[in-house]
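Here's the structure we're looking at; comments come further down.
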Number of protein chains: 6
Amino acid sequence: MTESRPPVVSAVEETADRIASMEVRGAAAIADAAAAALAEQATADADSPAAFRAGMRSAARVLYETRPTAVSLPNSLRYVLRGVEGTTVAELRTASIDRAERFRSELERAQERLGRVGSNRLRDGDVVMTHCHSTDALACVKAAVGDGKSIEAIVKETRPRNQGHITARELRELDVPVTLIVDNAARRYLKDVDHVLVGADSIAADGSVINKIGTSGLAVNARERGVPVTVAAQTIKLHPDTMTGHAVEIEMRSETEVLTPEDRAEIVDDGDRELTVENPAFDITPPRHVDAIVTERGQFPPESIVVLMRELFGETIDEPWSA
Amino acid sequence: MTESRPPVVSAVEETADRIASMEVRGAAAIADAAAAALAEQATADADSPAAFRAGMRSAARVLYETRPTAVSLPNSLRYVLRGVEGTTVAELRTASIDRAERFRSELERAQERLGRVGSNRLRDGDVVMTHCHSTDALACVKAAVGDGKSIEAIVKETRPRNQGHITARELRELDVPVTLIVDNAARRYLKDVDHVLVGADSIAADGSVINKIGTSGLAVNARERGVPVTVAAQTIKLHPDTMTGHAVEIEMRSETEVLTPEDRAEIVDDGDRELTVENPAFDITPPRHVDAIVTERGQFPPESIVVLMRELFGETIDEPWSA
Amino acid sequence: MTESRPPVVSAVEETADRIASMEVRGAAAIADAAAAALAEQATADADSPAAFRAGMRSAARVLYETRPTAVSLPNSLRYVLRGVEGTTVAELRTASIDRAERFRSELERAQERLGRVGSNRLRDGDVVMTHCHSTDALACVKAAVGDGKSIEAIVKETRPRNQGHITARELRELDVPVTLIVDNAARRYLKDVDHVLVGADSIAADGSVINKIGTSGLAVNARERGVPVTVAAQTIKLHPDTMTGHAVEIEMRSETEVLTPEDRAEIVDDGDRELTVENPAFDITPPRHVDAIVTERGQFPPESIVVLMRELFGETIDEPWSA
Amino acid sequence: MTESRPPVVSAVEETADRIASMEVRGAAAIADAAAAALAEQATADADSPAAFRAGMRSAARVLYETRPTAVSLPNSLRYVLRGVEGTTVAELRTASIDRAERFRSELERAQERLGRVGSNRLRDGDVVMTHCHSTDALACVKAAVGDGKSIEAIVKETRPRNQGHITARELRELDVPVTLIVDNAARRYLKDVDHVLVGADSIAADGSVINKIGTSGLAVNARERGVPVTVAAQTIKLHPDTMTGHAVEIEMRSETEVLTPEDRAEIVDDGDRELTVENPAFDITPPRHVDAIVTERGQFPPESIVVLMRELFGETIDEPWSA
Amino acid sequence: MTESRPPVVSAVEETADRIASMEVRGAAAIADAAAAALAEQATADADSPAAFRAGMRSAARVLYETRPTAVSLPNSLRYVLRGVEGTTVAELRTASIDRAERFRSELERAQERLGRVGSNRLRDGDVVMTHCHSTDALACVKAAVGDGKSIEAIVKETRPRNQGHITARELRELDVPVTLIVDNAARRYLKDVDHVLVGADSIAADGSVINKIGTSGLAVNARERGVPVTVAAQTIKLHPDTMTGHAVEIEMRSETEVLTPEDRAEIVDDGDRELTVENPAFDITPPRHVDAIVTERGQFPPESIVVLMRELFGETIDEPWSA
Amino acid sequence: MTESRPPVVSAVEETADRIASMEVRGAAAIADAAAAALAEQATADADSPAAFRAGMRSAARVLYETRPTAVSLPNSLRYVLRGVEGTTVAELRTASIDRAERFRSELERAQERLGRVGSNRLRDGDVVMTHCHSTDALACVKAAVGDGKSIEAIVKETRPRNQGHITARELRELDVPVTLIVDNAARRYLKDVDHVLVGADSIAADGSVINKIGTSGLAVNARERGVPVTVAAQTIKLHPDTMTGHAVEIEMRSETEVLTPEDRAEIVDDGDRELTVENPAFDITPPRHVDAIVTERGQFPPESIVVLMRELFGETIDEPWSA
């Protein structure tokens, strides 16, 4: 832990800064930038294969530590570091760069591929219910519409931030008829719904889906109504830390998303802090309430997603950058 | 149906107008006014017992037709008409006035009595989760606090109209610590909750609870988490029409409660009507997701509330005012 | 038990014979005939009120023993015997005859009243799924159609006797669009169904519904799909013996309803009796899988039907005719 | 509350002492003694009907306060006080004594009647699983055996006090084959079981069954395995306080039932009090996990037992002895 | 897509014809014939490895297009094409032929191996319930009987085509005692059943089991009764298209399987087409109602069958014959 | 089967004796000894690779047959035999020894690694409920405490052998506050519990968990209360035989663990054998009631543990030592 880490190339430092400052944001963008930075690091001089590997690990560590809770970051790092074989520095270099390129090019095509898989689950005439806004989920609807299927949507507004409005707009741009409802109305409309279709913030190795607050309550109701729940999530959403039992930390957000100062003032006298507002960003849906996870690598029951994680990341007991 | 109805006294007409115009509103106020009007009608001249009864039925009909979906209105009418025995006009008059008075005086004490019953279900240290705003539910907490119990509350804001804010304020006035959450966060906090405690718009003979939209989804989640659900509802909320299978009609409310014009404009171009907003005011919770209904007459499993309805209203196959 | 029973009038004997020989059959016809026979018995001479009562009990016993498992028979007998008050033979006679008449006239109107209640549970545009053939269930659809509601039906053929064909024909006569399916296809079509609507052979005090074999499996699937189950049953189907815990005996019917001799010969060599065919006529649906029982006295959750039974029959620990 | 209570006859005082000192114990014995004491009180001189009633109420209060948590005590008191009508002291006296006598004579026959009802739920060849020791539950098996049915029993030992041993012995005396198991083995044997058959400490108005710790866990498993749960409980076990929402207080018993001092010493060093032992005597089974409650008045779904309570006790908002 | 496909050898054409004409039918026979045809194609001349591969893909395409919904056909093709490595035509030829042979020889032994696995799940004395006719399911019983276990069967007749009769006959030939029931009677007999044992038409990557109509309703009831459900299915039933989200299309069969013309005439007047008969051949059982899938490669929870599919078929985003 | 087995080295014989006599006991100790014995066998002379392999298989068979139901024994044998590649005796020898060493060294670290994974599932402040005594489960708590988390425990005593006392003692040594309860009290305390945390005797390929009797009943209740269930089990607990459908045999233990002779004498007269005591050591929890299995290789949903088994053991249709 206290070993002196080998220095990393400046491109790595710069990328790390841009991730840390949230100049680079979004799961896909972060993953892409990290892979590119590792490819840069691979071009650096190295005296020996061991030195090369040490440099790569060091770069991975620098990048990892910028936002340790961003699920796509360790995914990207692990993918590049894991696939590298070779006995000379040159071989390792080529392998590393190839690996980074392959990751980036797969990433580029992933959403469209995922959309095709998700579209196959939808039939002509289906009604989907959405929660929050997810480009992965929308990619499924887009592909289905592109295949000539007629799809309708019931869109939950998704308090507190009303991302359902964005979903509604984008679905309308696809000419999908939209019915907007408050989150409280979901159960009433579930009987008209063929699929609940949501994205994911991340997926855990125990098959749990971490997604926008309200997803788990919707999934429980969908199960009770006999409506299948499909989660659309690229594999960069699979959370490697969870393979070793780590829980995904749930971000608590600002009270002001829930309550304006005027609202607060109406409820309690100024200065009374005994009104607490809790505003968690995400919740956790257990796998028994989810029917399928759709990725660019095909669809999976949530209980088997850990196998895909092992295939992609290997066992993660010892993090490659934590030696 | 086409029979000419006997004329009714002007006090009945006036009350009918005030109910129709919603000058008189709220389940208890309507029930009280209707009973008072029937007492006025009972003072009118009548040639015979039959004429007296016809006049009373006529008055009931006039009142009933002002707001046929207001649950407490037929309750009040039935209660007064049903208990009247006698062989002379004088006897019938006295009986009717007594009956109306008794109804009104019971109504006055009902909420406080209900609160005592509900309080008994709460233990010192309990955490309740509320949905919407219900004076009946609050009466339970108030009585519990009055009994010296320490109660905490997790209050759902209850979109679209945020009646949770009112609940939060009134709980704070009782010095109950309040945590306010968005509706979507309910499942996450259910594990810290001892009781879900809600009111009711009306209760149906099949044991269903009609209440503010979002109640049924909350109840399904509470059952899945092992949290009991208590519904606080005075007997004027018991819906007699449902004894003969009638469904309670669900009011659809204005889109503007859900979406501001600005929000709509951001989602779709002006004039595009293909964005539908559905805004039902209530939903229906089946009895299997409710543990107890607390009334001023004691607590009941929802499956047996029909027995209380039969006791209060008799069989309702033939409405007293519809012959 | 070994007391010599008072003789009964010949009209009672004749009715008993006609019930025993199944000349009189069907729950309503048996109940009607039994009440009529008791009215005849009431016209017989009697030396004392005690003698009168003994004669009535004796007649009830003779009638009861013709078909002790016919649910409507004890219902009819109990109803007539229970309501009789009086201190002279003349009073008792009048009371008995009145009581019998009242039972018969209520019976005559019961199905139409039940239909009205059941109709109220159906909305315009609803799709119902039926099992077997039940005039009570059809009365609900008929009333709904009469009210101008558009109803569609998915009709299970109901092996082994295909009573679904009768249901299909009668629904077509009401101009209800019918889709006929094999029993195995029920779950697949449940997602398009708003109500499962069935009749009952009898209803037990623990809320169980005894009905044509296949009902319980359908109800379990309906619950899993979120589809409510309505049972239409006149109160003559309420089984008084079950109030004291008696189980309803399930009739085992002939193998030939299931398997033709040719079918059997193809399965096993002649004479091989090791192929057993079991053909129970009914099964038992527990109350937790039923949403409402619709009767001519209104609708009830199955868990509260026992209260209606107590109201109609009193406590049945000691059978009135078994003294 | 601070009114001076009229003095009561010495027989009441003596009975109160014997109940308080637990010389009289057991639900039936307490109920019987209390009714007898009220009959004695009724013989006391009274100047007026009002004075008579005040004396009776006073006696009820004295008796009630001896053991306010004994469920059968208020049952007995309410039963006697409620049924008393009359306009003179003499009439009231006779009515009170009659009422007390009737209560006592019904009590005497109740268990045998209950047994007959419970027996009817059992079929020849059935296997029952028991928990704890209940004379009501055993009365059902005894009646079934008396009816010539062959019954087998799987008996849970029922830690910590092993009352299952008593059940096993009494079942063996009825020649019922017994398999004794530890409580942990219950789920494994449920697949061979036709009925779970238990008694009750008390029954609440919301349909909950309060019974020996372990009952609720058994009932949850029985539901999951598809095995019906029958609770045998005389009506003196119905808990009137629960009609107004009161919870039944759960007795916490001595640690030494769970852990010998030697066991404790092996677990922790002497004097270490950080090992807590919790030993609740009872738990609460919600009605949805119980199929039927068998009483001497017939069988009831747990959700409708409140109706029997109302019939027996009236509404209990205002306790008759607390004015 | 519009590329001109290389010509294929005549043996491939002939096999394609025989599959298309349904001369070759049954999952195993089709798979075997397709592998044999690919082995023939491998013997054809080829100028280069690329040409060889193109010829193989072309043959696969020809075969695939004969019956694109036959699940075993793509399985066979994929298996042979996937395992072929080599740098010369000769190597590729040998590898292809070897691969085809290996597939065919494994196929030959698969059912017997599956039977051994399934037999291990059965204990001496078990009662199984079957639906439809499945040689895979019967292989399990046969192996169990061969191991000396005593097995009994409750056989559902399986309307509309009564394949249960075939199952009954074959079980009788194994000396297994058989009880035949109508499909409607399944729930009643489930309490005597240790295993529901069925085959599969195909298995989807989301763990769903596509099998004869009625399977899913049976599985829901088995879960509710606590009876485990075992599906016996060789790996040729695993449906590769479903890995990319494709739904398995459900064949709708002729009305005449359900209703004779005479039956129809009795229900409706001639020419009235408003009686619809729907006759789907299969339904879909979600994985949560299935306990294990038994294959020749061992047993799997349905949620992990996708992993076996990935092992056998690779990722199927790009079909090998669709380049 | 009747082939003459090659002789094995004396170290193998000795280890076999020590395992058979239970001198070596406990899953980890047996696995370790068996691997060490195979390493010894690998040092024996062999004329050819075939002879070497035959000797190894022979040794495996000798060891396997000592305790064919000990789950860790075949695990160990399979692990060593499977990984061995080579074309000369020398290569095979080195590979075998390496493989055995690797197995042993991984085994040594496994529990600590597992503990780290399990600890990650626990949050600061969590309350766990334990059943029986499991060093794997305790390793999770130990690691959590080591990470500075505050953990409390509710410990079931775990009749009949009270292994909960050992668990309580060891938790107290970790300074974890312990509440000891009887097994019957589990459901009552589940509402205060964040995790049920148990070990396993073995894990089956269908995802079932075989563990101390009482585990399955606890898991069913935990699911009903919404409490997640975590099973801690090293991979040596994965039962390879179950991959081919074999059931894990459940040991029936002595009556005297349940009933002292004095207890028996009190229940029945001497010599009466009609009191049966059944004392199964383990029960089977289906995967749908378990949330995660924690191993030294990470955590897995129970439905995907078969994939880890395939990775570790290969397909087990043909046992390596049974040729």
Side-chain angles (χ1 to χ4, degrees), chain A residues 131-132 154-160 162 165-166 168-169 171-173 175-190 212-221 223-225 250 255 257-259 263-264 266-269 272 274-280 282-285 289, chain B residues 131-132 154-160 162 165-166 168-169 171-173 175-190 212-221 223-225 250 255 257-259 263-264 266-269 272 274-280 282-285 289:
Chain A
H131 181 72
C132 199
I154 298 176
V155 172
K156 294 178 68 200
E157 64 174 3
T158 319
R159 277 279 291 165
N162 288 344
H165 294 190
I166 311 174
R169 187 174 62 232
L171 285 168
R172 285 303 305 128
E173 285 164 8
D175 267 329
V176 169
V178 168
T179 301
L180 185 76
I181 59 173
V182 296
D183 301 298
N184 277 325
R187 185 171 185 271
R188 183 185 153 99
Y189 289 93
L190 273 172
K212 180 61 51 189
I213 192 80
T215 304
S216 73
L218 174 60
V220 168
N221 274 285
R223 176 66 78 234
E224 198 252 354
R225 294 278 89 183
I250 302 297
E255 166 183 327
E257 289 182 358
V258 177
L259 208 60
D263 287 336
R264 170 172 273 279
E266 270 183 35
I267 297 174
V268 290
D269 288 341
D272 180 343
E274 291 194 30
L275 174 71
T276 307
V277 176
E278 296 259 347
N279 185 20
F282 305 109
D283 65 14
I284 300 173
T285 305
H289 296 133
Chain B
H131 181 72
C132 200
I154 297 177
V155 172
K156 293 178 68 200
E157 63 174 4
T158 319
R159 278 278 293 163
N162 288 341
H165 293 189
I166 310 174
R169 185 175 62 231
L171 286 168
R172 286 303 305 130
E173 285 164 7
D175 267 330
V176 169
V178 168
T179 301
L180 185 75
I181 58 173
V182 296
D183 302 297
N184 277 323
R187 185 170 185 270
R188 183 184 152 101
Y189 289 93
L190 274 172
K212 181 60 54 190
I213 191 81
T215 303
S216 71
L218 174 60
V220 168
N221 273 287
R223 177 65 80 233
E224 198 251 356
R225 294 280 89 183
I250 302 297
E255 166 182 327
E257 288 182 0
V258 177
L259 207 61
D263 287 336
R264 169 173 271 277
E266 269 182 38
I267 297 174
V268 288
D269 288 341
D272 180 344
E274 289 192 31
L275 174 71
T276 307
V277 176
E278 296 258 346
N279 184 21
F282 306 108
D283 64 14
I284 300 173
T285 304
H289 296 134

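In the text below, chain A, chain B and the rest are named by the order of the sequence lines, each starting its count at 1. Hydrogens, waters and symmetry mates play no part in the numbers below; they use all other heavy atoms, side chains included.
- Neither the backbone nor the side chain of Ala186(B) comes within less than 4.5 Å of any heavy atom of chain A.
- Contact count against chain B (heavy-atom pairs under 4.5 Å) is highest for Pro280(A) among Ala185(A), Pro280(A), Ala168(A).
- Arg169(A) has its side chain out of reach of Val268(B): every pair of non-hydrogen atoms, C-beta onward, lies at least 4.5 Å apart.
- The closest donor-acceptor contact from the side chain of Asn221(B) to the backbone of Gly217(A) lies under 3.5 Å.
- Contact annotation: the side chain of Leu259(B) approaches that of His165(A) to within less than 4.5 Å [non-hydrogen atoms, C-beta and beyond].
- Glu157(B) and Arg159(A) are joined by a salt bridge, as a carboxylate oxygen and a charged side-chain nitrogen come within less than 4.0 angstrom of each other.
- Atom CG in Asn184(A) sits 8.0 Å away from atom CG in Asp283(B) (nearest 0.5 Å).
- Looking at Ile284(A), only its backbone comes within 4.5 Å of chain B, counting heavy atoms on both sides.
- For Arg225(B), there are no salt bridge (charged side-chain N to carboxylate O under 4.0 Å, His left out) partners two or more places apart in sequence or in a different chain.
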**Request:** With side-chain contact (heavy atoms from CB on, under 4.5 Å) as the test, would you mind laying out the steps for Thr179(A) and Val277(B) before giving the verdict?
**Result:** CA-CA 5 Å; Thr179(A) 301; Val277(B) 176; over 6 Å; no
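- With sequence neighbours excluded, the residues satisfying salt bridge (charged side-chain N to carboxylate O under 4.0 Å, His left out) with Asp183(B) are Lys156(B).
- Contact annotation for Ile250(A): only side-chain heavy atoms (C-beta onward) come within less than 4.5 Å of a heavy atom of chain B.
- Salt bridge status for Arg223(A) with Glu224(B): absent, with no side-chain N to carboxylate O gap under 4.0 Å.
- A distance of 12.0 Å separates CD1 in Ile181(A) from OG1 in Thr276(B), rounded to the nearest 0.5 Å.
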